[in-house]
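Remarks on the structure that follows.
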Amino acid sequence: MLNLYHTINNHIKEALERAFPSVSSEAEKAGISLDPQLVKASKPEFGDFQANGAMQLAKLLKQQPRAIAFSIVEQLKTNKNFIELCKEPEIAGPGFINITLKNDCLINEIQNRLNDNRLGVAKVEVKSGERKTPTVIVDFSSPNIAKEMHVGHLRSTIIGDSLARILEFRGYKVLRLNHIGDWGTQFGMLITHLKDVAPEALKHANALDLGDLVVFYREAKKRFDNDNAFQEASRNEVVKLQGGEALSVKAWQLLCAQSRQEFQKIYDRLDIRLKERGESFYNPYLEGVVEELNNLGLVVKDQGAQCIFLDTINRQSEPQAPVIVQKSDGGFNYATTDLAAIQYRFNNPPHGDGADRIIYVTDSGQANHFEGVFQIAKNANWIPENAKLEHVPFGLVQGEDGKKLKTRSGQTIRLRDLLDEAIERAKSDLTNRLQSEDRNETDAFIEEVATTVGIAAVKYADLSQNRISNYQFSFNRMLNLQGNTAPYLLYSVVRIAGIARKGGFIENEITELKFETKQEWSLIRALLKFDEIIIEVENELLPNRLCTYLFELSQVFNRFYDQVPVLKAREPFRKSRIALCKLTADTLKLGMGLLGIRTLERM
RNA sequence: GCGCCUGUAGCUCAGCGGAUUAGAGCAUCUGACUACGGAUCAGAGGGUCGGGAGUUCGAAUCUCUCCAGGCGCGCCA
């Protein structure tokens with residue numbers, strides 16, 4: 001209903017100016033914007049929209065807010081275009097103007113949606129001066145080579161994927177970058193250990209199977225901590241790798257390839273696609289970055305390291321913490337890599353991505369780091385005009401005890417185990433249900449439903465919460481069949497699919513829609529809110545807003561389904577209701593698709 | 001010590017400067033299956049929005065301050 005919002009907003013603005021012709025200049029003098037402050041109605045009984053602007057103007061105009069509202073409404077009543085869309089506005093409370101859309105107007109909107117596979121969501125405009133589609137980079141997931149993906153990667157992966165999907169749907173060119181940790185000093189010990197354990201792997205072309213990478217990593221770490229000779233060899237190995245020695249590079253590549261395979265298994269299960277571009281990609285640029293920052297006079301040598309002290313942040317800390325761009329041993333660190341990445345991503349092709357917006361989906365613990373790095377990029381003038389650079393932080397994953405999520409023995413929980421358990425629990429729920437309902441289903445059906453429900457539950461539970469706060473992980477809650485959970489949403493889709501199977505769906509284009517119950521009008525209004533929710537998520541990067549919307553839509557639908565017959569209704573109500581069912585299913589499927597969640601026809 | 005984030009019902013959380021009565025879900029209690037899948041629906045109880053001050057016609061929302069918790073804080077990423 002964004003189009004209607006804009007139209008009505010303009011009508012009110014116009015009415016305001018006509019009612020108070022001198023108000024524009026006076027408002028300007030007083031530094032007040034002439035915004036009618038049109039927003040969604042806070043409660044259904046107040047209509048569809050409410051304009052809150054009259055109160056703000058009271059002082060300026062030296063009139064009662066209700067009187068101002070009255071004058072605006074008088075003007076609105078003379079506007080034919082407005083009258084065509086809305087019922088007569090009502091003035092309420094201190095001076096709110098409540099606006100309710102006419103039924104014909106709503107029906108017209110529904111009609112448009114039925115013929116629109118974007119469900120009213122506009123595609124991003126390419127402004128006339130610009131040649132290209134705006135590019136957004138979503139940097140997410142980012143596991144480390146030779147380590148297994150664990151709960152710590154869950155939120156970034158799920159939230160980042162959903163944001164990427166939403167931006168893609170809006171028509172942006174989206175680059176989903178997996179900034180994996182494929183470089184650093186730990187490779188010294190890993191390569192040294194690999195050369196010892198599997199020297200033959202370095203001579204043949206085939207990738208080796210290291211089995212459990214976590215075990216491999218732990219073995220290497222253990223030797224590093226206890227064996228001086230091994231430590232010495234590891235340090236030499238880092239130098240060799242950085243120097244590009246063939247055998248070391250080969251070993252590094254083998255380790256990366258091995259890890260990549262493991263990561264891919266998880267991404268396949270989660271239905272996530274990513275372009276791998278690890279930290280090592282930026283190696284060739286690091287020296288140049290430090291040089292450039294040096295030339296700009298931003299860098300200070302402190303205790304042997306090349307540092308940048310920012311007066312905008314960390315001002316009060318004592319001693320003041322710098323951002324280190326080159327270590328005292330000459331090596332570079334993650335700040336350097338991130339700076340190189342920012343520069344590269346904003347640069348135009350072929351030596352960059354030409355990004356207009358960069359989004360980093362990482363835990364909130366890195367907020368200080370990004371604040372510093374972003375500030376440096378700004379000081380160095382690397383951020384193009386109108387481009388955006390954003391950290392999208394999220395909180396910790398906690399167990400039901402409120403502590404950081406761990407296994408009973410205190411180990412980090414592997415992502416694959418977590419997914420296995422979710423699916424296993426969904427499966428046992430399902431088989432119990434099938435048994436109690438005397439249903440016979442194939443193993444393939446059970447497998448598909450359990451997998452879909454399990455993965456959906458994990459994703460939805462995470463996405464449905466405001467990402468900024470910590471997230472309490474609970475299998476019981478996420479798999480609950482009632483409430484704001486994935487199974488509840490999936491069930492709504494299944495119910496509609498049931499209607500479709502029994503009654504068929506719309507054959508041709510539906511004309512002559514007719515509605516009579518309050519449940520239908522509630523459903524219609526819920527359906528029409530989809531587009532503004534998508535725009536909101538695009539701007540705020542909060543997928544939980546979409547989840548809340550989909551849950552509320554499901555609730556409104558289930559109420560309708562429970563209280564209003566569809567297939568047994570007489571025409572034209574029958575086909576009108578079927579149309580609402582279809583639109584509900586389409587909206588739920590599209591919405592859940594944008595969350596990265598698959599839906600089912602039966603469950 | 002400094003910085004960032006969080007504090008809303010028994011629990012988990014929404015809440016976008018706006019309304020008498022601050023909303024959901026879970027849990028608890030009471031109802032509804034001869035209408036499309038009851039994995040549903042209808043209803044009830046449950047709150048000094050961490051405390052205090054300020055800005056505003058209006059504050060859970062903005063500002064300040066205090067309290068509590070989490071995370072981070074020079075050469076790991």
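Remember, it's a predicted structure, so these values are computed and weren't measured experimentally. To find a chain, count down the sequence lines: A is the first, B the second, and so on, and within it residues start at 1.
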Using the six-membered ring wherever Trp is involved, compare the ring planes of [X] and [Y] and label them parallel, tilted or perpendicular (cut-offs 30° and 60°).
| X | Y | answer |
| --- | --- | --- |
| A/F374 | A/Y360 | tilted |
| A/Y344 | A/Y282 | perpendicular |
| A/F473 | A/F475 | perpendicular |

- Message: Using a 3.5 Å distance criterion without hydrogens, assess whether the side chain of A/S436 forms a donor-acceptor pair with backbone atoms of A/R433.
- Response: yes
State which residues pass side chain to side chain donor-acceptor pair (under 3.5 Å) with [X]; sequence neighbours excluded, sorted by chain then number.
| X | answer |
| --- | --- |
| A/D401 | none |
| A/E424 | none |
| A/S259 | none |

Mind checking the [atom1] distance from [N] to [M]? Whole angstroms is fine.
| N | M | atom1 | value |
| --- | --- | --- | --- |
| B/rA24 | B/rG47 | C1' | 14 Å |
| B/rG43 | B/rC62 | P | 33 Å |
| B/rC4 | B/rU65 | P | 11 Å |
| B/rC67 | B/rG52 | C1' | 10 Å |
| B/rG69 | B/rG31 | P | 45 Å |

- Item | salt bridge (Lys or Arg N to Asp or Glu O under 4.0 Å): pairs with one or both residues in residues 536-558 of chain A, sequence neighbours excluded | A/R170-A/E538, A/E536-A/R545
- So which pairs with a foot in residues 62-71 of chain A pass salt bridge (Lys or Arg N to Asp or Glu O under 4.0 Å), sequence neighbours left out? none
Just call it for [X]: base, sugar-phosphate, or nothing, with non-hydrogen atoms closer than 4.0 Å on any strand.
| X | result |
| --- | --- |
| A/L396 | sugar-phosphate |
| A/G365 | sugar-phosphate |
| A/A305 | base |

- Can you give one letter per nucleotide of nucleotides 28-42 of chain B, going 5' to 3': B for a protein heavy atom under 4.0 Å from the base, S for sugar-phosphate only, - for none? -------BBBSBSSS
[X] [atom1] to [N] [atom2], straight-line distance once rounded to whole Å:
| X | N | atom1 | atom2 | result |
| --- | --- | --- | --- | --- |
| A/F224 | B/rC76 | CZ | P | 11 Å |
| A/I324 | B/rC73 | CD1 | C1' | 12 Å |
| A/Y460 | B/rU12 | OH | C1' | 14 Å |
| A/H391 | B/rC5 | NE2 | C1' | 11 Å |

- Message: Between A/D462 and A/R467 (salt bridge meaning N to carboxylate O under 4.0 Å), is one present in this structure?
- Response: no
- Does a distance-only test, which skips hydrogens and angles, find a donor-acceptor pair under 3.5 Å between the side chain of A/S364 and the base of B/rC71? no
Anything under 3.5 Å between a protein N or O and an N or O of nucleotides 17-21 of chain B, put it in a table, one pair a line.
residue : atom : partner : partner atom : Å
B/rA19  : N6   : A/Q50   : OE1          : 3.3
B/rA19  : N6   : A/N98   : OD1          : 2.7

Protein and nucleotides 14-16 of chain B: nitrogen or oxygen contacts under 3.5 angstrom:
residue : atom : partner : partner atom : Å
B/rA14  : OP1  : A/N466  : N            : 2.7
B/rG15  : OP1  : A/R545  : NE           : 3.2
B/rG15  : OP1  : A/R545  : NH2          : 3.4
B/rG15  : OP2  : A/N466  : ND2          : 3.3

- Message: Please enumerate all residues that pass salt bridge (Lys or Arg N to Asp or Glu O under 4.0 Å) together with A/R235, with sequence neighbours excluded.
- Response: none
- Message: Restricting to salt bridge (Lys or Arg N to Asp or Glu O under 4.0 Å), what partner residues turn up for A/E400, sequence neighbours left out?
- Response: none
- Item | Strand RNA chain B in bracket notation, Watson-Crick/G-U under 3.5 Å with | for pairs to another chain | (((((((..((((....[....)))).(((((.......))))).....(((((..]....))))))))))))....
For nucleotides 7-11 of chain B, give me every protein contact, N/O to N/O, under 3.5 Å, one pair per line with atom names.
none

